[in-house]
Asks: 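This is the structure I want to talk about, given as structure tokens.
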Amino acid sequence: MNWDPVDHTVLANEQVIDGRGWRSGALVEKREIPMYFMRITAYADELLNELDNLPGWPEQVRTMQKNWIGKSYGVRFAFPYQLEGKAEQLWVYTTRADTIMGVTFCAVAAEHPLATHAAKNNPELAAFIEECKQGGVAEADLATMEKKGMATGISVTHPLTGEQVPVWVGNYVLMGYGEGAVMAVPAHDERDFGFAKKYNLPIKQVIQVEGETFSLEAWAEWYGDKEKGVCVNSGKYDGLNHAQAVDAIAADLKTKNLGDKQVQYRLRDWGISRQRYWGCPIPIIHCPSCGDVPVPADQLPVVLPEDVKIDVGSPIKKMPSFYETTCPKCGGKAERETDTMDTFVESSWYYARYTGPDNDKSMLDGRAKYWLPVDQYIGGIEHAILHLLYARFFHKLMRDVGLVECNEPFTRLLTQGMVVAPTFYRDGSDGKKQWINPADVDLALDDKGRPTGATLKADGQPVIIGGTEKMSKSKNNGVDPQAIIDQYGADTARLFMMFAAPPDQQLEWSDAGVEGAFRFLKRLWKAVHDHVEQGVVASYAGGELNAELKALRFQLHSAIQKVSDDYGRRQQFNTAIAAVMELMNALGKVNGNDATTRAVMQEALEAVVRLLAPIVPHICHALWSELKPGSCLGSAAWPEVDQAALVQDEIELMIQVNGKLRGSITVSKDAAKDAIEQLALANPNVRKFMEGKPAKKVIVVPGKLVNVVV
RNA sequence: GCCGGGAUGGCGGAAUUGGUAGACGCAGCGGAUUCAAAAUCCGCCGCUGGCGACAGUGUGGGGGUUCGAGUCCCCCUCCCGGCACCA
């Protein structure tokens, strides 16, 4: 954990800025703190494999979860060594056992027992180990920090060559991950290469890719290649490829009892303890004689007390009335756990609780089995891994105790892009940033629309422009759509937001264009009323149509098809709205008052109202009752595509010469390929650009275009 | 640093399977209506050249594959999300 030595508190990663606590400014230390975990790793394989059974999930989310779980096939093996006359083993894990003959040193974490031992009589090393404990624990910090190390003076024995291999302490090796130790092959691992160059450690090439030349001077991409490389300088393993070498080496290690193949996961167990008030209390009682005892089922749930005083730290940690209790086992004096659960725990099953919110006997009941899984789940892409992986895990836990029956919680997933907005702040007197809401700021723009400065509306004084980030409470850059709702109504606000961008795309918030949505709804309202004023009629059901009405019905039914597909399959609402807008533009151009025209108009307007209802429900309900008096939109069927209306007699084909657009021809829908070619070659503009040369090739893409190659 | 996304007119975006780049909307410009304005309606609207017909050019940058690339492949830049205690 990140420990602030001044404030004596655990800090969230977000609260560690450049290795310092956000309030105290003190250098943060890494500290081990006892805590409770949920064993999500026991479900790693199922969580991974089931990703292939989630066709309704976006590919990118499945890929991210797959990479996060990070199943790897490698070899776990040991370097034997003697310590104070005793035989010991330094265990490491690698996915590149084929490079094992190129090991020139090992690196261990600062907290590794070997490092602790070596530091006993080595004050310089002890100081270095202390230094390694500084800084935050976030993976991003660890990955970007300068790689540092120091020799321990201890050597271990290479399990295959018998050579002595020096052991270093490395600030980039983590005790909590894997074995807390790694083998280093500088010739074939970029990080090890940099480390070896920096500390002048030997580099031994053991992989060769044909046609390449190895150089100690600089790292090259192929050094790390495991597809094309074969072993060299590796004795009996020379000439073997990656898979063969791993097999042979693993077998030899196994013979020596010093290792074997092993499957590993990047996924770690889920630490759920939080030293905060706000969260579900962890139901454990600490008894001096019985140890950690679970709170008996009949005393659950442990309820968070509400009569608390909030000042510094969690109030329940200073509240004897909460934590003083008796041991359920021995009846002696005991204390409740005062850590609470990560709020991700609750967000991992709330969706199931919705099926029985009134149940005060158990967390879920049979209704959960009836309703689940959730057909369509919607959440921000920022939850692609943590929340969605925890929820999947928790669902499987609930399945395994019989609370739910399905394997996965969410059948279809839509991950909406973040709504991002600029951030603004001032440096407060306490050194903390005061975040200012974009609505309270005036922006000055240059002629290219880029911001040049910003001032607070209230005092006209400048504020600092921060980055554009996802809207959040902590950065105070959220924008409330209430202002739009107040001015234009909820339908306009909904239409505008759905029209702005596809939902899975990130969107920089701006209310420019909201007028356009409002105008469109006014046009729709007027179009229906203009029609209804002349009396409602039965919608078109068949009969001869002139070319104009035929074209209109083509557009109408194309729109129905497109909107249905956009809503159902593509989940892209901006294009669905655009299709209806195009249709409305076409309807606006219709002249004529005859019975057939009015019937087609009735058909079109009825369709439009139903197509838009999911986006702008209020106005559509009102308009539907005008178009179909006595009927309710809520029970109206979704409009159906009339396939006959989609048949066109003639189609327009684009003509290209050498891939460049040079004109178009209109042909009958079932014109033969030869006839199309002849027509294209006869086109005056085509002849002009052919410059008298013969056509080498004519490509006809049915229904699309003709390309003449000369 | 690693993993996942993204970059297209002045702006938001469209182009779904490699086949008309810029749909739809905003802003802007011109016109109609009006005493005037608002509202509404009509037209124009990537860039360069041209009175124009039209031609050239153009989807972050560089290379490649293809009859044809916004779309596929390789390399690069920048932006956003996640990186296990923001949730």
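Sequence lines set the chain letters: A, B, ... in the order given, protein chains first and strands last, and positions in each chain run from 1.
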Asks: If we take the P atom in both B:rC51 and B:rA37, what is their distance in whole Å?
Replies: 34 Å
Asks: Base, sugar-phosphate, or nothing for A:Val61, non-hydrogen atoms under 4.0 angstrom?
Replies: nothing
Asks: If you look at every strand shown and take non-hydrogen atoms under 4.0 Å, does A:Ser273 touch a base, only sugar-phosphate, or nothing?
Replies: base
Asks: How far does the P atom of B:rC26 sit from the matching atom of B:rC44, given to the nearest Å?
Replies: 15 Å
Asks: Using a 4.0 Å heavy-atom cut-off, does A:Leu142 contact any base of the nucleic acid, only the sugar-phosphate backbone, or nothing at all?
Replies: nothing
Asks: Cation over ring, A:Arg266 on A:Trp68, under 6.0 Å and within 45°?
Replies: yes
Asks: Which comes earlier along RNA chain B counting from the 5' end, the contact point of A:Thr343 or that of A:Val701, where each point is its nearest nucleotide?
Replies: A:Val701
Asks: Return the value, rounded to whole Å, for the distance between atom CZ of A:Arg268 and atom P of B:rC3.
Replies: 17 Å
Asks: Between A:Arg20 and A:Val16, is any pair of side-chain heavy atoms under 4.5 Å apart?
Replies: no
Asks: Report the C-alpha separation of A:Tyr390 and A:Phe394 in whole Å, then their side-chain angles, then the decisive distance to 0.1 Å, and conclude whether the ring pair (Phe, Tyr, Trp, His ring centres under 6.0 Å) test is met.
Replies: CA-CA 6 Å; A:Tyr390 291 147; A:Phe394 210 92; 9.8 Å; no
Asks: Please report, rounded to the nearest Å, how far the C1' atom of B:rC85 is from the CE atom of A:Met38.
Replies: 15 Å
Asks: Determine which bases of RNA chain B form Watson-Crick or G-U wobble pairs with both distances under 3.5 Å, and write the result as a 5' to 3' dot-bracket string with | for other-strand partners.
Replies: (((((((..(((......[....))).(((((.......))))).((((....))))..(((((..]....))))))))))))....
Asks: Indicate, with a heavy-atom threshold strictly under 4.0 Å, whether A:Trp270 touches base, sugar-phosphate, or nothing.
Replies: nothing
Asks: Please give, in whole Å, the distance from B:rG13 P to A:Phe496 CZ?
Replies: 11 Å
Asks: So, is A:Gln572 close to the B:rA15 phosphate, meaning a side-chain N or O under 4.0 Å from OP1 or OP2?
Replies: yes
Asks: With the threshold set at 4.0 Å, does a side-chain nitrogen-carboxylate oxygen contact exist between A:Arg274 and A:Asp342?
Replies: yes
Asks: Between C1' on B:rC85 and CZ on A:Arg274, what's the gap in Å once rounded to a whole number?
Replies: 4 Å
Asks: For A:Lys317, is there an ion pair with A:Asp339 - N to carboxylate O distance below 4.0 angstrom?
Replies: yes
Asks: Under 6.0 Å between ring centres: does that hold for A:Tyr351 and A:Phe410?
Replies: yes
Asks: Scan side-chain atoms only and decide if A:Glu652 and A:Ser664 contain a donor-acceptor pair under the 3.5 Å cut-off.
Replies: yes
Asks: Over all strands shown, is A:Ala140 touching base, sugar-phosphate only, or nothing at heavy-atom distances under 4.0 angstrom?
Replies: base
Asks: Looking only at atom C1', what distance separates B:rG49 and B:rU66, rounded to whole Å?
Replies: 31 Å
Asks: How far, in whole Å, is B:rC29 from B:rC79 if one measures between their C1' atoms?
Replies: 33 Å
Asks: Taking only the side-chain heavy atoms of A:Ala578 (C-beta and beyond), determine which of B:rC85, B:rA15, B:rC24 contains the nearest atom.
Replies: B:rC24
Asks: Using the C1' atom as the point on both nucleotides, what is the distance between B:rU8 and B:rA69, in whole Å?
Replies: 14 Å
Asks: Between atom CG in A:Asn67 and atom P in B:rG5, what is the gap in whole Å?
Replies: 9 Å
Asks: Which part of the nucleic acid, if any, lies within contact of A:Asp565, taking any heavy atom under 4.0 Å across all strands shown: a base, the sugar-phosphate backbone alone, or nothing?
Replies: base
Asks: Which of these nucleotides, B:rG25, B:rG81, B:rA87, is closest to any side-chain atom of A:Ile381?
Replies: B:rG81
Asks: Heavy atoms only, 4.0 Å cut-off, all strands: where does A:Met145 land among base, sugar-phosphate and nothing?
Replies: nothing
Asks: Give a yes/no answer on whether the side chain of A:Asn574 brings an N or O atom under 4.0 Å of OP1 or OP2 in B:rA14.
Replies: yes
Asks: Classify the nucleic acid contact of A:Thr144 as base, sugar-phosphate or nothing, counting any heavy atom under 4.0 Å across all strands shown.
Replies: base
Asks: B:rU16 phosphate, OP1 or OP2: any side-chain N/O from A:Arg570 under 4.0 angstrom?
Replies: no
Asks: Specify the separation, in whole Å, of atom CG of A:Leu388 and atom P of B:rA87.
Replies: 16 Å
Asks: Looking across every strand, which nucleic acid part, if any, lies under 4.0 Å from A:Arg569 by heavy atom: base, sugar-phosphate, or nothing?
Replies: base
Asks: Hey, does the side-chain of A:Arg519 have a donor or acceptor N/O within less than 3.5 Å of a partner on the base of B:rU40?
Replies: no
Asks: Counting primed atoms plus P, OP1 and OP2 as sugar-phosphate and everything else as base, spell out the protein contacts along nucleotides 56-68 of chain B at 4.0 Å heavy-atom distance: B, S or - for each nucleotide, 5' to 3'.
Replies: SS---------B-
Asks: Heavy-atom distance under 4.5 Å between the side chains of A:Arg96 and A:Val185, does that happen here?
Replies: no
Asks: With hydrogens left out and only the distance checked, is there a donor-acceptor pair under 3.5 Å joining A:Gln15's side chain and the base of B:rC86?
Replies: no
Asks: Taking atom P in both B:rG25 and B:rU40, compute the distance separating them and give it to the nearest angstrom.
Replies: 13 Å
Asks: Starting at the 5' end of RNA chain B, which residue's closest nucleotide do you reach first, A:Ala512 or A:Lys589?
Replies: A:Ala512
Asks: Looking only at atom P, what distance separates B:rU48 and B:rA39, rounded to whole Å?
Replies: 31 Å
Asks: Just confirming the chi classification of B:rG9, syn or anti, using 90° around 0 as the syn window.
Replies: syn
Asks: Would you say that more than 12 heavy atoms from the other residues, nucleotides or ligands in this model lie under 6.0 Å from the CZ of A:Arg39, or not?
Replies: no
Asks: When the distance from CG of A:Asp511 to P of B:rC11 is rounded to whole Å, what number comes out?
Replies: 18 Å
Asks: Applying a 4.0 Å non-hydrogen cut-off, can you work out what A:Lys562 is touching in the nucleic acid: base, sugar-phosphate, or nothing?
Replies: base
Asks: Would you say A:Lys522 reaches B:rU40's phosphate, i.e. side-chain N/O to OP1/OP2 under 4.0 Å?
Replies: yes
Asks: How far, in whole Å, is B:rC2 from B:rU17 if one measures between their C1' atoms?
Replies: 33 Å
Asks: Contact between A:Asp504 and A:Gln571 at the side-chain level, heavy atoms closer than 4.5 Å - yes or no?
Replies: no
Asks: Atom CD of A:Glu582 and atom P of B:rA15: how far apart are they, to the nearest Å?
Replies: 12 Å
Asks: Taking the side chain as everything from C-beta on, heavy atoms only, tell me whether A:Trp3 gets closer than 4.5 Å to A:Leu11.
Replies: no
Asks: Would you check if there is a donor-acceptor pair between the side chains of A:Asn437 and A:Asn477 at a distance under 3.5 Å?
Replies: no
Asks: May I ask you to test the A:Tyr172-A:Phe195 pair for a side-chain heavy-atom distance under 4.5 Å?
Replies: yes
Asks: Given B:rG13, is OP1 or OP2 found less than 4.0 Å from the side-chain N or O atoms of A:Gln505?
Replies: yes
Asks: Using a heavy-atom cut-off of 4.0 Å across all strands, would you classify A:His387 as base, sugar-phosphate, or nothing?
Replies: nothing
